[in-house]
Amino acid sequence: MSFFEALAAGFGLVAQWESLFFLALGIAVGVFAGAIPGMSATMAVALTLPFTFALDPIFGILLLLGVYKGGIFGGSIPAILIRTPGTPASSATALDGYPMAEQGKAGKALGMALYASCIADFVSNIALIVFAGWLAQFAMNFGPPEFFTLIVFSLTIIAGVSGDSLTKGIVSAVIGLLLATVGLDLIFGTNRFTFGNANLMGGLNFIAVLIGLFALPEIFAHVRLPRERDGKVRGLGHVGVAFDELKRCFKSIFRGSLIGVFMGSIPGIGAAPSAFLSYSEARRTSPNQANFGKGEIEGVAAAEAGNNGVAGATLIPLLSLGIPGDVITAIIIGAFMVHDLQPGPMLFQTHADIIYALFIGLIVSSVLLFFIGSVAIRGFRYVADIPPNLLFPSVLVLCIFGVYAVNNSAFDVGVMFAMGLLGYAMVLLRFPPAPFLIAFILGPLLENNFRQSLLMSQGAPEIFTRGPITWTFWALTLLALAFIIRTTVSNARLKRRLREESRRHGEGQDEATG
Amino acid sequence: MLSRRDETLIGLGIMALAVFLLAYMVPNWIVAPRSVRLIFLSPMFWPNILGWVLLVLGGLLTLRALLGTAPPEGQADSLAISGPEGLRLVVMTAMLVVIFFAIPVLGMVWTSMLAFVATVLLTGGKRLVLGVLVAVVLPLALYFFFSKVAGVSIPQGDFVRLP
Amino acid sequence: MKRKIIAAALGATALVTGPALAEYPERPIQMVIPYGTGGATDLSARALSNPLGEIVPEPIVLSNRTGAGGATGSVSVRDADGDGYTLLFARVGSHSVNPAMKATLPYTIDEFRYVGVYEINPVVCAVAEDSDIESMDDLIARVNEAPGTVLFSSSGVGSLLHLAGAMVLDAFGVENPLEDAIHLPMDGGGAAATAVLQGTATFICTNSSALASFVQNEQLNPIMVTTPEPLEGFDAPTARELGHPELEQLVGWTGIAGPADLTDEAASAWEGWLAEAVQDEGFLDFMDQAGSQVDLMSPEESVEFINGQYETFRELVVELDMEVE
């Protein structure tokens with residue numbers, strides 16, 4: 001299929017009322033769920049996934065992408081109105097958004113958040129369309145050794161940027177890799193950790209693992225400490241942004257979008273660091289520097305742009321290489337897989353119409369987000385009233401039905417429960433769950449490509465350094481390692497210095513009072 | 001950050017897990033064919049590597065907890081779970097086990113209704129009337145969606161079958 | 001308010017529980033497809049379910065239950081009640097290749113009652129379009145000249161593709177097919193075809209339906225088909241023309257089976273429904289496009305056919321020491 005044929009076929013797929021309907025539905029569900037304090041965009045995407053099985057692939061995937069985009073914007077609503085970010089990525093938004101709400105300018109902050117989100121989203125989608133096809137074309141030449149080195153590189157970054165403790169992040173990833181080995185061995189077909197159970201022979205179902213890991217711990221946390229929602233919902237004030245305000249913030253929005261695109265296209269970084277980087281860059285260069293943190297509208301714009309600029313770009317490695325960049329794209333891979341579509345370079349050859357339909361749908365989604373978002377801003381008051389003590393049991397029931405429906409297997413419901421316990425233990429012991437999930441997906445790819453390469457070369461390890469592509473990835477891996485070690489060491493030094501300073505400060509106070 | 005004692009225990013726990021994996025799980029629960037020509041190709045190769053990596057990481061965590069600077073007094077996150085909190089978590093866990101075994105017997109819809117009400121009661125039982133209403137409507141709605149629209153056969157149980 | 005709703009819910013269920021002893025079927029029938037959506041088994045099952053849905057008085061619910069090369073789904077049906085409400089789409093991979101190759105398979109082919117095999121799907125061997133191999137002779141010459149350089153991809157150990165590659169090489173007189181050529185297991189049939197397409201593997205032998213689109217787009221070049229007659233859309237000689245009629249045993253098939261204790265009532269009902277469903281025009285057209293032949297076997301013929309194929313495969317597995325322990 002030529003480019004234009006594919007584009008036309010894709011257009012045909014999107015230009016059905018169902019496509020637009022499911023996209024709009026997804027965005028609405030995402031904004032709604034993202035706006036509920038305690039629900040994250042991740043949970044919303046995970047819980048929507050089982051509902052997409054009954055749909056055509058293109059409708060199902062558009063629905064999920066809608067939830068993703070809507071969820072990221074939705075998270076900014078409670079961040080601004082009650083200072084409870086719906087998603088971690090919205091924390092940066094709360095820095096200036098909540099002070100604005102306190103000043104009675106919540107409507108303005110939300111309006112700016114929406115403008116920034118939609119513009120950044122649009123820029124990000126354009127980047128996806130420009131780069132994904134090109135990268136996939138290039139990746140068509142990848143054989144098992146090239147994929148192996150690529151995955152080594154991706155896992156290095158993912159483990160490296162995974163929260164406070166590098167070691168705990170790697171432990172989390174290793175446990176994910178280990179659980180991925182359950183089932184039949186690919187090369188020899190023998191049993192690994194199946195304990196004679198036919199259900200385990202197929203391996204642990206990815207969606208059961210994922211829902212268990214990301215939805216159930218929230219339920220446990222609620223059961224442990226059933227709290228009513230506190231925090232007052234602020235009045236909106238005047239909704240809308242004046243044109244000169246938008247113009248003033250435009251530079252920050254555009255910069256934030258580009259930061260988002262860059263950070264999003266590297267697997268493993270995700271939206272939260274991008275939002276904070278964009279925010280701090282805006283503060284560094286803004287003439288209103290002093291007002292940041294006290295209710296500066298440019299801060300809201302920068303944070304939201306950095307946050308949403310990631311949304312399209314994370315699909316670049318997902319679609320063209322089959323590598324999920326963050327947890328949400330890891331879930332979206334599941335939507336492709338249930339329809340027997342394997343993201344990766346081949347998808348551009350075999351299902352180019354679906355790819356182009358997705359591209360067109362994503363562009364449309366930026367526009368739809370704008371309208372649905374405007375409505376949601378005004379309707380938040382009702383969402384905030386959903387009582388948590390009914391929300392979480394509902395999530396539990398949704399999880400049970402959803403996980404069962406994936407593979408018609410009650411056993412998978414048990415897998416989900418077990419993973420929920422593991423996930424809650426990880427939360428308690430401060431192990432980040434994201435590296436676990438991404439490693440769980442990449443684990444079989446890593447091992448299989450490694451062993452397939454050695455099969456091809458009859459055991460000669462030189463195959464891992466064949467050609468310039470493998471060399472490039474090894475070099476990138478070394479570079480990433482050096483960078484991670486450097487930041488870890490300097491962070492530790494910084495922490496120690498801060499602690500010493502605070503101790504000295506404390507001692508000084510003691511002397512003064514004593 | 002957790003206290004020095006907790007972090008040390010976590011490190012030791014990870015090491016114990018690694019030893020259990022290397023000494024028991026891999027040799028007993030992985031079948032390697034007789035005729036593996038290359039050690040790299042054996043089904044045991046990766047799990048063994050992962051076991052060793054885990055052992056080293058556990059050691060690192062332990063060392064860091066013992067030698068590194070501990071968080072100042074009163075600033076460490078506490079792992080302590082109060083009595084009622086712990087009890088609720090244990091009941092919730094037990095409930096998950098019961099749900100798993102009740103699904104084939106009672107059917108998924110009835111099990112979900114009971115689980116919903118039980119969870120509401122477990123967390124204080126506020127808004128019980130509304131809760132019971134949602135408990136009945138939500139599983140029924142999901143049942144009709146999945147079985148009639150999505151074509152999934154939701155487990156029905158041995159007692160009361162839905163249409 | 002809430003009492004009313006509960007009462008209404010109970011009332012609704014009471015209606016359907018009604019008389020306990022009625023004629024089969026009195027509720028929806030679940031049919032398990034032991035492979036994923038979009039695969040050969042799934043497409044075949046869904047094509048058949050269209051006419052079946054009109055013939056069978058109760059709804060048919062198709063459930064994909066994937067995992068372990070069809071074993072997970074097969075076991076779930078073996079362990080189900082034999083009341084006829086849980087049936088399986090049995091496939092060549094799950095019910096003849098896997099049992100022939102895997103010593104530890106948690107089920108045997110005798111643990112099912114076969115209602116009928118309804119579809120036969122020939123095997124096609126293919127190489128990449130830009131490969132310098134253009135015929136079976138070229139391929140065999142390459143294997144013999146440079147052992148260890150020819151790879152064939154499969155969708156996993158114990159798949160039809162795995163066995164087919166070995167069986168074809170064996171039939172063409174390669175001494176040690178699994179040492180002179182390398183078996184490269186990939187994750188699924190799509191990945192296996194891709195590996196040949198981009199040059200990681202040299203050739204692939206799999207069901208015609210899995211290769212049809214690649215051959216149509218001139219990405220893969222077929223070099224042999226296992227049907228007695230030339231296959232439309234695949235410009236390649238038959239195994240018989242190449243002097244190996246024994247390879248005609250190497251075919252994929254799909255059939256319907258229940259647990260061993262399936263009631264006679266259900267079995268005979270299904271025999272009638274199947275006979276009617278395979279006459280359906282839309283179904284026949286669809287199967288034709290995939291290169292499949294619709295040929296309904298009676299339960300006895302089915303058992304004989306499956307056992308015959310199992311014996312052939314088993315012999316090869318023992319001869320080449322391919323058994324998975």
Side-chain angles (χ1 to χ4, degrees), chain A residues 50-51 53-54 164-165 167-168 170-171 174-175 177-178 181 185 187-188 190-195 219-220 222-226 228 387 389-390 392-394 396-398 400-401 404-405 408 410 413-414 417 420-421 424 428-430 446-447 450-451 454-455 459 461 492 495-496 499 502-503, chain B residues 1-2 10 14 21 25 29-33 36-38 40-41 43 46-47 50 53-54 57-58 60-61 64 69 72 77 79 81 85 88-89 92-93 96-97 99-100 103-104 108 112 115-116 119-120 122-124 126-127 130-131 134-135 138-139 142 145-146 149-155:
Chain A
F51 291 91
F53 301 148
D164 316 336
S165 165
T167 327
K168 282 187 170 176
I170 303 176
V171 169
V174 170
I175 294 177
L177 291 175
L178 262 175
T181 62
D185 178 68
I187 307 291
F188 293 103
T190 58
N191 290 332
R192 292 202 290 191
F193 307 127
T194 59
F195 309 102
I219 299 174
F220 278 110
H222 170 72
V223 166
R224 180 181 168 191
L225 279 177
E228 290 297 300
N389 82 322
L390 300 187
F392 287 104
S394 307
L396 177 66
V397 171
L398 268 175
I400 295 175
F401 275 83
Y404 176 83
N408 298 288
V413 177
F417 288 163
L421 287 172
Y424 188 57
L428 286 183
L429 302 178
R430 308 294 187 274
L446 182 75
E447 177 178 5
F450 175 79
R451 292 167 77 188
L454 285 175
L455 271 180
K495 239 184 239 166
R496 199 176 310 142
R499 209 171 284 150
S502 74
R503 195 183 304 147
Chain B
M1 210 176 172
L2 301 169
I10 290 173
I14 298 283
L21 189 77
M25 292 295 274
W29 291 106
I30 292 189
V31 183
V36 181
R37 270 174 294 175
L38 283 161
F40 309 114
L41 284 178
W46 273 100
L50 294 175
V53 172
L54 211 54
L57 291 171
L60 272 177
L61 279 177
R64 209 188 52 174
T69 44
D77 297 338
L79 270 185
I81 296 175
E85 287 173 14
R88 278 198 296 272
L89 285 179
M92 187 70 205
T93 309
L96 293 185
V97 177
I99 293 174
F100 179 67
I103 287 174
M108 190 168 273
S112 298
F116 193 109
T119 314
V120 174
L122 184 64
T123 53
K126 279 194 198 118
R127 303 184 196 85
L130 186 63
V134 180
L138 181 68
L142 286 172
F145 173 81
F146 278 116
V149 182
V152 173
S153 75
I154 295 292

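First the proteins, then the strands, lettered A, B, ... as listed; each starts at 1.
Between B:Ser153 and A:Tyr404, the shortest heavy-atom contact is O-OH, 3.1 Å.
Of all the listed residues (A:Leu421, A:Leu429, A:Leu396, A:Leu454), the one sharing the greatest number of non-hydrogen pairs under 4.5 Å with chain B is A:Leu429. By number of non-hydrogen pairs under 4.5 angstrom with chain B, the leading residue of A:Ser394, A:Pro461, A:Gly420, A:Ala410 is A:Ser394. Comparing B:Thr119, B:Leu138, B:Leu21, B:Leu50 by heavy-atom pairs within less than 4.5 Å of chain A, the highest count is held by B:Leu50. Heavy-atom pairs under 4.5 Å with chain B peak, among A:Ile400, A:Val413, A:Thr181, at A:Ile400.
The backbone N or O of A:Asp185 sits nowhere less than 3.5 Å from a side-chain atom of A:Arg192 that would complete a donor-acceptor pair. A donor-acceptor pair under 3.5 Å links the side-chain atoms of A:Arg430 to the main chain of A:Leu428, judged by distance alone. The main-chain N or O of B:Glu85 is never found under 3.5 Å from a side-chain atom of A:Arg224 such that the two would form a donor-acceptor pair.
Heavy-atom distances place the side chain of B:Ile14, and not its backbone, under 4.5 Å from chain A. Looking at A:Tyr424, only its side chain comes within 4.5 Å of chain B, counting heavy atoms on both sides. Only the side chain of B:Val53 comes within contact range of chain A, with at least one heavy atom under 4.5 Å from a heavy atom of that chain. Contacts of A:Leu390 with chain B are made by both backbone and side-chain atoms, with heavy-atom separations under 4.5 Å. Using a 4.5 Å cut-off between heavy atoms, A:Ile219 contacts chain B through its side chain alone, with no backbone atom that close. The part of B:Ile103 that comes within reach of chain A is its side chain, from C-beta onward, which places non-hydrogen atoms under 4.5 angstrom from that chain. For B:Leu142, the parts lying near chain A are the backbone and the side chain together; criterion is any non-hydrogen pair under 4.5 Å. Within the 4.5 angstrom heavy-atom criterion, only side-chain atoms of B:Leu122, from C-beta onward, approach chain A.
In this pair, B:Phe146 and A:Phe401 present their aromatic rings parallel. The plane angle is below 30°, not in the 30 to 60° band.
B:Phe116 meets the ring pair (Phe, Tyr, Trp, His ring centres under 6.0 Å) test with no other residue; sequence neighbours excluded.
Note that the CG atom of A:Leu178 and the CH2 atom of B:Trp46 stand 11.0 Å from one another [nearest 0.5 Å]. Atom CZ of A:Phe220 is separated from atom CZ of B:Arg88 by 13.5 Å, given to the nearest 0.5 angstrom.
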